[in-house]
There are 2 protein chains.
Amino acid sequence: MTKPDHVSHEPCPVARATSLIGDRWSLLIVRDAFDGIRRFSDFQRNLGVARNILSDRLRRLVDAGILVPRAAAEGSAYQEYVLTDVGEDLFPVVLALRQWGERALYAPGEAHSELIETRTGNPVPLMRPRSADDSELTPHDTRVRKLA
Amino acid sequence: MTKPDHVSHEPCPVARATSLIGDRWSLLIVRDAFDGIRRFSDFQRNLGVARNILSDRLRRLVDAGILVPRAAAEGSAYQEYVLTDVGEDLFPVVLALRQWGERALYAPGEAHSELIETRTGNPVPLMRPRSADDSELTPHDTRVRKLA
DNA sequence: CAGTATCCCTCAAGATACTG
DNA sequence: CAGTATCTTGAGGGATACTG
């Protein structure tokens with residue numbers, strides 16, 4: 001479980017990490033997992049990813065020990081995917097990427113989703129107050145705790 | 001300069017960031033830049049990336065305001081690529097990814113490169129001491145300051 | 001040395017149909 | 001609902017030749 005097959009053998013940890021979660025979807029799945037999403041169809045609808053791709057990415061994330069499949073509550077035949085401790089350790093990565101994106105990739109007045117995960121009790125520093133306009137936000141974003 | 005063309009228009013900063021630097025090479029170029037690499041051929045040799053791809057990624061990183069091209073020292077006709085302030089702000093991203101990779105993607109005794117950038121005076125916390133075996137390290141890694 | 005211009009090819013991703 | 005199987009496409013990436 002420490003190092004799944006599809007992870008590169010390079011000695012640099014950054015290179016290995018990007019070989020695993022540096023694709024188009026994996027980190028966004030993790031982001032959604034931090035936001036409380038657990039079900040296959042919720043990931044699918046939220047991301048707009050093809051189902052076969054989602055299936056593959058979930059499997060890879062499970063192989064890597066980032067997510068763990070569990071039976072959905074009380075007698076359900078279906079599964080849900082929750083973050084493991086290793087997966088939770090990705091929080092600084094998602095947070096750092098998010099904070100950088102806010103500062104570097106938005107026009108001065110442009111709105112962006114907050115996506116502050118209700119996770120551990122960690123205080124999460126924000127770089128600046130959010131815009132007043134929420135109209136552009138996706139369903140994903142609206143479920144998220146706002147700080148302002 | 002705030003938001004180059006090829007960055008997605010999604011409201012989530014994580015999604016935008018990955019759309020820009022979430023490909024196979026961009027973040028590794030940034031990693032190398034933190035490690036002091038500035039010249040085209042040095043990036044190319046160190047990464048093993050095709051030259052046309054490197055050319056394209058450098059252009060994208062410049063467009064995004066992460067790198068800035070400067071004339072190489074004293075009368076040289078060639079350029080070098082150095083991190084801007086926006087690029088330097090990616091340090092927490094690279095560091096977080098690196099620390100997570102160390103913990104999650106290596107066998108217990110397996111060696112990994114340290115890649116602690118000699119940058120600002122920031123103290124950089126390490127998760128554990130490095131292994132004694134450096135034989136697997138690439139040229140990139142050997143230029144790097146070791147902490148142990 | 002530092003790229004650019006082509007050509008080619010593989011694989012990631014999407015669409016769709018099917019199944020327990 | 002939660003996937004799997006199959007097919008197809010297109011973009012990302014590699015190799016090579018060429019240029020100032």
Side-chain angles (χ1 to χ4, degrees), chain A residues 4-8 10 15 17-30 32-33 36-64 67-82 139, chain B residues 4-10 15 17-33 36-64 67-82 139:
Chain A
D5 294 348
H6 40 265
V7 173
S8 74
E10 291 164 275
T18 56
S19 77
L20 175 62
I21 56 172
D23 73 298
R24 184 168 170 183
W25 296 114
S26 294
L27 207 62
L28 298 180
I29 293 172
V30 171
D32 280 4
I37 293 184
R38 301 183 161 194
R39 307 269 299 205
F40 187 94
S41 61
D42 290 334
F43 284 113
Q44 200 277 325
R45 182 172 33 251
N46 196 39
L47 294 171
V49 60
R51 283 199 291 273
N52 49 351
I53 303 298
L54 177 59
S55 178
D56 179 73
R57 290 308 120 90
L58 288 173
R59 182 167 26 244
R60 290 178 49 161
L61 292 171
V62 167
D63 286 350
L67 296 176
V68 60
R70 295 199 311 208
E74 349 132 21
S76 171
Y78 302 125
Q79 294 187 122
E80 54 186 22
Y81 299 87
V82 301
Chain B
D5 295 350
H6 40 267
V7 173
S8 73
H9 288 215
E10 290 163 276
T18 57
S19 78
L20 175 61
I21 56 172
D23 72 300
R24 185 170 170 182
W25 296 114
S26 296
L27 207 59
L28 299 180
I29 293 172
V30 171
R31 175 205 64 180
D32 280 3
I37 293 185
R38 300 183 163 194
R39 308 269 299 205
F40 186 93
S41 61
D42 290 333
F43 285 113
Q44 200 276 323
R45 184 173 33 252
N46 195 41
L47 294 171
V49 59
R51 283 199 291 274
N52 51 350
I53 303 298
L54 176 59
S55 178
D56 178 74
R57 291 309 119 91
L58 288 174
R59 182 168 26 243
R60 289 177 51 160
L61 292 171
V62 168
D63 286 349
L67 296 177
V68 60
R70 294 199 311 209
E74 349 133 21
S76 170
Y78 302 125
Q79 295 187 122
E80 54 185 22
Y81 300 86
V82 300

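Residue numbers start from 1 in every chain, and the chains themselves are labelled A, B, ... in the order their sequence lines are given, proteins ahead of strands. Since this is a predicted model, take the numbers as computed values, not measurements. FYI, side chains are in, hydrogens and waters are out, and symmetry mates aren't considered; it's all heavy atoms of this structure.
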> Considering only D:dA2, C:dA13, D:dG14, which nucleotide approaches the side chain of B:A50 most closely?
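Output: D:dG14.
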> Under 4.0 Å between a side-chain N/O of A:R24 and OP1 or OP2 of C:dA12, yes or no?
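No.
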> Of the nucleotides C:dG3, C:dG14, C:dA2, which one has an atom closest to the side chain of A:V49?
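Output: C:dG14.
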> A:Y81 pairs by side chain to side chain contact (heavy atoms under 4.5 Å, CB included) with which of A:L67, A:D42, A:V68?
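Checked A:L67, A:D42, A:V68 against A:Y81; only one passes side chain to side chain contact (heavy atoms under 4.5 Å, CB included): A:L67.
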> Quick one: which of D:dG13, C:dA13, D:dT4 gets closest to the side chain of A:R59?
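Of all the options, the side chain of A:R59 is nearest to D:dT4.
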> Does A:S41 make a side-chain N or O approach to OP1 or OP2 of D:dA2 shorter than 4.0 Å?
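A:S41 to D:dA2 OP1/OP2: side-chain N or O found under 4.0 Å.
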> Whole angstrom is fine here: how far is it from CG in B:N52 over to P in D:dA11?
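Interatomic distance, CG of B:N52 to P of D:dA11: 17 Å.
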> Is there side-chain contact between B:F43 and B:V49, with heavy atoms separated by less than 4.5 Å?
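A side-chain contact is absent here, since even the closest heavy-atom pair is not under 4.5 Å.
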> D:dA11 C1' sits how many Å from B:D56 CG, rounded?
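Value for this atom pair: 12 Å.
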> Now, which nucleotide makes the Watson-Crick or G-U wobble pair with D:dG20, with each of the two distances under 3.5 Å?
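Partner of D:dG20: C:dC1.
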> Specify the separation, in whole Å, of atom CZ of B:F43 and atom P of C:dG3.
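My rounded result for the distance is 11 Å.
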> Could you check how far CZ of A:R38 sits from C1' of D:dA2, rounded to whole Å?
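From A:R38 CZ to D:dA2 C1': 17 Å.
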> Are B:L54 and B:I29 packed together at the side-chain level, in the sense that at least one heavy-atom pair is separated by less than 4.5 angstrom?
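The answer is yes, as the side chains (C-beta and beyond) meet within the 4.5 Å cut-off.
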> How far apart are the closest heavy atoms of A:R70 and A:R38, and which atoms are they?
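Taking A:R70 first and A:R38 second, the nearest heavy atoms are NH2-NH1, 3.5 Å.
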> Need to verify one output field. Residue with the more 5' nearest nucleotide on DNA chain C, B:R51 or A:R51?
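Between the two, 5'-proximity favours B:R51.
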> Just how far, in rounded Å, is C1' of D:dG13 from CG of B:L54?
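Nearest whole value for this atom pair: 13 Å.
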> Has A:Q79 got a side-chain N or O lying under 4.0 Å from the OP1 or OP2 atom of D:dG3?
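Answer is yes, contact under 4.0 Å.
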> Between D:dT4 atom C1' and A:Q44 atom CD, what is the distance in whole Å?
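Between C1' of D:dT4 and CD of A:Q44: 14 Å.
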> Whether B:D23 and B:R57 form a salt bridge (side-chain N of Lys/Arg under 4.0 Å from carboxylate O of Asp/Glu) is what I want to check.
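Salt bridge between B:R57 and B:D23, a charged N being under 4.0 Å from a carboxylate O: yes.
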> For a quick check of understanding: with a heavy-atom distance under 4.0 Å over all strands, which category does B:R57 fall into, base, sugar-phosphate or nothing?
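Answer is sugar-phosphate: B:R57 comes under 4.0 Å of backbone atoms only.
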> Starting at atom CD of B:E80, determine the distance to atom P of C:dC1, rounded to an integer number of angstrom.
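So the two atoms are 15 Å apart, to the nearest Å.
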> Could you check how far CZ of B:F40 sits from C1' of D:dG20, rounded to whole Å?
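Result: 14 Å.
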